Amino acid sequence: MCQTCDMIRGLLMARGIPEPVADLAVQPVAQIEQQVVRKAKKKVSKYQREFGKQMKRLKKKHPRTQAKNLMKKAHNATKKLMKR
């Protein structure tokens, strides 16, 4: 069992719950804990990588311009580069 399960078991037994009952209460927690699986990261597309570069370049050049306007310019620049 993990440390968390041991701690929960100890708290239950300190409250006067019999050991077999505490063990039964902790088992489902241990089963759920093992089932947690990390999701794989999604692969960033070629377009998104280039769009990010263009956006950073434009943001550095025009820091006070609204993001939505910069996005339009970044999108157009990305399309232009991707057609090559």
Side-chain angles (χ1 to χ4, degrees):
M1 279 195 275
C2 66
Q3 292 176 347
T4 307
C5 296
D6 288 337
M7 185 176 70
I8 293 170
R9 187 172 167 270
L11 290 171
L12 290 172
M13 289 175 62
R15 292 281 181 160
I17 295 174
E19 189 174 341
V21 177
D23 288 339
L24 289 174
V26 173
Q27 283 177 352
V29 173
Q31 291 171 355
I32 291 171
E33 191 174 60
Q34 291 172 357
Q35 292 175 356
V36 175
V37 179
R38 287 187 167 222
K39 290 184 179 180
K41 287 190 175 183
K42 292 182 180 180
K43 184 180 176 186
V44 180
S45 68
K46 186 177 177 183
Y47 172 85
Q48 278 302 119
R49 279 195 306 259
E50 187 57 42
F51 178 83
K53 289 176 189 175
Q54 295 296 327
M55 191 66 184
K56 284 180 185 176
R57 186 179 63 78
L58 286 167
K59 189 69 178 169
K60 189 175 182 180
K61 199 172 185 181
H62 308 283
R64 294 177 60 166
T65 306
Q66 287 184 344
K68 69 177 186 175
N69 293 333
L70 290 179
M71 284 189 183
K72 289 177 189 177
K73 290 180 181 181
H75 173 66
N76 288 331
T78 305
K79 278 199 310 184
K80 193 173 185 180
L81 280 171
M82 297 286 282
K83 285 185 180 181
R84 292 183 187 175

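Numbers here simply count residues along the sequence, with the first being 1. What you are looking at is a predicted structure, and each value in this text was computed from that prediction instead of being measured.
- Note: the hydrophobic cluster containing M82 also contains F51 (ILVMFWY, side chain heavy atoms under 4.5 Å, direct or indirect links).
- L81 and L58 are not part of a single hydrophobic cluster, where members link through side-chain heavy atoms under 4.5 Å apart.
- Taking a 6.0 Å sphere around NZ of K56, one finds it holds 12 or fewer heavy atoms contributed by other residues, nucleotides or ligands.
- Tracing side-chain contacts under 4.5 Å through hydrophobic residues (I, L, V, M, F, W, Y), one reaches V21 starting from I8; they form part of the same cluster.
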task = Before giving the answer on side-chain contact (heavy atoms from CB on, under 4.5 Å), spell out for K79 and N76 the whole-Å C-alpha distance, their side-chain angles and the decisive distance to 0.1 Å.
result = CA-CA 5 Å; K79 278 199 310 184; N76 288 331; 4.0 Å; yes
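- Remark: Q48 CD to K42 NZ distance equals 11.5 Å, nearest 0.5 Å.
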inquiry  = Using the rule given for side-chain contact (heavy atoms from CB on, under 4.5 Å), can you reason through R9 versus E19, listing the C-alpha separation, both sets of side-chain angles and the distance that settles it, and then say yes or no?
reply    = CA-CA 8 Å; R9 187 172 167 270; E19 189 174 341; 2.8 Å; yes
Can you list, pair by pair, the side-chain donor-acceptor contacts under 3.5 Å of residues 62-74, counting residues two or more places apart and other chains?
none

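- With values rounded to the nearest 0.5 angstrom, T78 atom OG1 is found 5.0 Å from Q54 atom CD.
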